[in-house]
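Below is one structure; the comments refer to it alone.
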Protein chains: 2
Amino acid sequence: MPRAGAGGANLLALRSHNTALVLDLLRTAGAAGISRLELAERTGLTPQAVSKITARLRADGFVAEAGRRASTGGKPATALRLVPEAGLAVGLHLDRDELRAVLVDLTGAVRAEHRAPLDLGAGQDAVVEEAVRAARTLSDGWAPEAVLGVGAAVPGPLDHRSGVLHRVTGFPEWDGFPLRDVLARRLRLPVVVDKDTNAAALGLAVTGSGAESFAYLHLGTGLGAGLVFGGSVHRGARTGAGEFGHQVVQMDGPPCGCGGRGCIEALCLAAVERGDLEGAARTLGVGAANLVALLDIDLVLLGGRTVARAPEPFVRGVREVVGARASWDVPVRIAAGGVAEGAAQLLLAPVFGRGVG
Amino acid sequence: MPRAGAGGANLLALRSHNTALVLDLLRTAGAAGISRLELAERTGLTPQAVSKITARLRADGFVAEAGRRASTGGKPATALRLVPEAGLAVGLHLDRDELRAVLVDLTGAVRAEHRAPLDLGAGQDAVVEEAVRAARTLSDGWAPEAVLGVGAAVPGPLDHRSGVLHRVTGFPEWDGFPLRDVLARRLRLPVVVDKDTNAAALGLAVTGSGAESFAYLHLGTGLGAGLVFGGSVHRGARTGAGEFGHQVVQMDGPPCGCGGRGCIEALCLAAVERGDLEGAARTLGVGAANLVALLDIDLVLLGGRTVARAPEPFVRGVREVVGARASWDVPVRIAAGGVAEGAAQLLLAPVFGRGVG
DNA sequence: TGCACTTTGGCAACAGCGTTGCGAAAGTGG
DNA sequence: CCACTTTCGCAACGCTGTTGCCAAAGTGCA
């Protein structure tokens with residue numbers, strides 16, 4: 001049961017918990033579906049409880065029958081599947097120079113997409129206007145009650161609980177801007193705001209990275225991380241977790257813009273600039289290995305523009321360093337999935353009991 | 001609701017959850033007690049639900065009345081308090097050269113203590129014998145049904161789920177030893193095994209560090225950490241989390257026994273050996289600052305023999321480095337509370353809904 | 001072809017959870 | 001003395017998952 005908030009749980013909380021659990025299994029099962037009995041086994045609930053829950057979900061339009069399974073010697077099981085368009089969410093990625101927006105359904109599939117150049121420094125009104133227009137365009141034509149809300153991913157730092165931005169690196173005019181409330185008022189929809197790296201990590205966690213806990217390392221104009229423990233994103237009290245770029249790995253190293261010396265970001269980006277991708281990858285690897293050892297992590301995923309331009313050397317370099325340090329097998333892969341998709345999961349994930357934390 | 005295990009929750013799970021919540025508030029309230037109405041407000045449950053829960057707890061002997069509060073204009077509230085000796089647990093700290101054992105009650109108070117020299121290299125039988133004797137001596141004379149079990153803290157690495165030790169540093173003969181099951185069979189009591197740093201961190205988390213998430217850094221013959229996020233210990237899938245000593249903070253630094261270069265432990269202990277406590281503290285501080293930034297941590301606690309011998313310079317040095325790096329206020333203090341006390345909490349904490357994870 | 005058997009899943013009655021409505025107990029204050 | 005407030009228990013209630021039972025729909029053997 002939840003430790004968040006007051007914590008007292010009543011029958012309604014019990015029901016939503018079990019319902020979310022069932023929905024999560026239905027989502028994982030995909031279009032092939034899953035039988036009631038299998039749901040019962042996987043959740044630990046009795047078959048009859050599952051029957052009641054799925055009956056409610058069918059009445060509400062979230063679940064439909066998906067044909068019959070082959071018999072195993074008795075009455076063949078009827079498979080149940082999620083109705084993808086019963087729940088939709090808009091995901092916005094407000095990057096420094098681009099806006100990407102997607103409409104994602106319950107299964108995590110992208111149903112519509114929108115892309116436009118953006119200048120985060122062009123003023124709050126212009127940026128908000130662009131975001132509102134994108135969200136409206138994408139959700140237009142769908143059943144209004146199916147649209148659960150809008151998730152917005154921003155470079156950070158920010159506070160994900162209040163949805164207020166802080167001193168976005170390079171754009172101080174955003175400091176204190178209540179992005180969540182402004183968007184919510186304009187769109188008349190629930191809005192959730194989070195750091196870009198956290199959104200990306202959430203997306204990867206939900207759409208099946210295959211690991212319970214992993215680190216997503218994002219190397220673009222800067223270097224950040226999204227941390228997932230036990231299937232949920234670790235944000236910390238100030239949404240500050242994942243400050244990976246300014247981890248010191250060279251105590252007496254060159255000074256960094258942050259005031260410290262020998263930060264990974266500075267070392268890594270300097271190596272990239274002088275064309276030494278292998279050096280950059282090894283430095284990234286040292287940081288990744290620190291993180292893997294400290295947090296007992298199962299998987300490392302790499303993303304971001306700089307990595308996307310040359311995936312091979314980064315994966316190889318990080319894999320080598322991490323492999324030499326960790327005593328268990330830690331796969332290192334390129335992350336499949338964008339930031340905007342993850343932002344949409346800020347609204348979709350709670351449906352499946354994967355809270356915003 | 002819990003994401004652990006299958007996850008399906010029934011009415012019994014609901015009840016234990018709410019009961020644990022109430023017990024946790026009663027524990028925090030201490031001997032002064034807390035009224036039913038305040039329990040209701042704090043948990044979010046209705047007063048009537050709290051009345052039912054506390055009635056059960058009183059019938060079971062876990063709770064007793066603790067006098068009356070002053071009236072605030074109506075019927076004065078009756079305060080309820082935890083009965084400390086209704087639940088007891090033995091905590092064992094099997095260190096490399098010493099055994100410390102305590103008997104702890106529900107409030108976290110130590111009711112009996114035992115200390116003896118120990119040689120982890122003296123063979124499994126001798127060590128187990130010593131541990132069994134200590135546990136029996138401490139729990140002797142108390143109501144058998146009140147003794148919840150035995151928690152054992154060991155240097156690690158190990159697997160806390162199965163309670164099997166791995167290659168304890170310096171004592172390879174313990175590799176694969178099923179400590180939990182061996183002790184449980186001998187003592188006929190539930191036994192939980194964990195790393196010493198995790199046990200210490202759990203103890204600090206339960207007995208009120210005042211912070212939701214903190215790092216406990218233990219500098220003794222080695223350097224390790226216990227990580228607490230949102231009130232519960234982060235262990236990772238392999239009980240490997242907290243591997244703080246071999247974080248690399250000097251990529252081209254001196255080689256360490258682990259095969260890496262520039263590990264904090266090597267740098268720190270080398271500085272201690274040459275009498276440079278300030279240097280050791282600053283190195284420790286760099287690692288602590290990395291950790292604070294990466295995980296968005298509220299508090300840093302220092303412990304272990306090396307720190308205990310000279311607390312001042314360590315606290316000062318770490319505080320300086322962390323203060324310079326973090327943008328929020330991160331207190332740095334000496335940890336109050338031993339490893340054995342924390343080990344006992346491995347059994348006591350679940351009573352209050354603070355799971356082993 | 002028929003019948004025993006297995007497996008799936010719904011219906012109805014049930015126990016137990018927190019909730020609601022109401023009233024008793026025990027103070028304060030005019 | 002009495003109106004009022006606050007605390008808290010009793011009883012009825014709604015809703016949860018559970019249990020017992022049975023119908024539906026297959027397989028497999030005689």
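Below, chains carry the letters A, B, ... as their sequence lines are ordered, and counting in each starts from 1. The shown structure was predicted, so the numbers you read here are calculated from the model rather than taken from an experiment. All heavy atoms count here, side chains included; hydrogens, waters and symmetry mates do not.
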Between [options], which nucleotide has the shortest distance from any of its atoms to the side chain of [X]?
| X | options | result |
| --- | --- | --- |
| B/Arg36 | D/dG9, D/dT6, C/dG18 | D/dG9 |
| A/Arg15 | D/dC8, D/dT16, C/dC17 | D/dT16 |
| A/Thr46 | C/dG9, D/dT7, D/dT19 | D/dT19 |

Original post:
NA contact type, A/Arg69, heavy-atom cut-off 4.0 Å: base, sugar-phosphate, or nothing?
Top reply: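 If one applies the 4.0 Å heavy-atom cut-off, A/Arg69 turns out to touch nothing in the nucleic acid.
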
**OP:** Report which part of the nucleic acid A/Leu37 touches: base, sugar-phosphate, or nothing (heavy-atom distance under 4.0 Å, all strands).
**Re:**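 Sugar-phosphate, no base atom in range.
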
[X] [atom1] to [N] [atom2]: how many Å, rounded?
| X | N | atom1 | atom2 | value |
| --- | --- | --- | --- | --- |
| B/Leu14 | D/dG14 | CG | P | 19 Å |
| A/Lys75 | D/dT27 | NZ | P | 14 Å |
| B/Leu12 | C/dG16 | CG | C1' | 9 Å |
| B/Ile53 | C/dG16 | CD1 | P | 16 Å |
| B/Leu39 | D/dG9 | CG | P | 12 Å |
| B/Arg58 | D/dG9 | CZ | C1' | 11 Å |
| A/His17 | D/dC15 | NE2 | C1' | 17 Å |

**OP:** Answer yes if the side chains of A/Thr78 and A/Arg36 hold a donor-acceptor pair under 3.5 Å, and no otherwise.
**Re:**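 Looking only at side-chain atoms, A/Arg36 and A/Thr78 do form a donor-acceptor pair, the distance falling under 3.5 Å.
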
Original post:
Would you say the side-chain atoms of B/Asp60 pair up with the backbone N or O of B/Phe62, donor to acceptor, closer than 3.5 Å?
Top reply: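 It does not hold such a pair.
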
Original post:
Is the backbone N or O of A/Ala241 less than 3.5 Å from a side-chain atom of A/Lys195, with the two atoms forming a donor-acceptor pair by type?
Top reply: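 Answer holds: yes.
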
Original post:
Ignoring hydrogens and angles, does a donor from either the side chain of A/Gln48 or the base of C/dC11 sit under 3.5 Å from an acceptor on the other?
Top reply: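 Flag set: donor-acceptor pair detected.
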
Subject >> Any N/O donor-acceptor pair, A/Lys52 side-chain to D/dT18 base, under 3.5 Å >> reply: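 Present.
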
Using OP1 and OP2 only, check whether a side-chain N or O of [X] sits under 4.0 Å from [N].
| X | N | answer |
| --- | --- | --- |
| B/Thr78 | D/dC8 | yes |
| A/Ser51 | C/dG9 | no |
| A/Asn18 | D/dT16 | no |

**OP:** With B/Val50 as reference, evaluate B/Leu80, B/Leu25, B/Leu39, B/Asn18 under the side chain to side chain contact (heavy atoms under 4.5 Å, CB included) test and give the passing residue.
**Re:**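 When B/Leu80, B/Leu25, B/Leu39, B/Asn18 are each tested with B/Val50, the side chain to side chain contact (heavy atoms under 4.5 Å, CB included) holds only for B/Leu39.
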
Subject >> Position toward the 5' end of DNA chain D (nearest nucleotide), A/Pro76 or A/Arg56 >> reply: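 It is A/Arg56 whose nearest nucleotide is closer to the 5' end.
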
Subject >> 5' precedence on DNA chain D between A/Leu11 and A/Arg68 (nearest-nucleotide basis) >> reply: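 Residue closer to the 5' terminus by nearest nucleotide: A/Leu11.
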
**OP:** Measure the CD-CG distance between A/Glu145 and A/Leu88 for me, rounded to the nearest 0.5 Å.
**Re:**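 Answer for the CD-CG pair, A/Glu145 versus A/Leu88, is 10.0 Å.
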
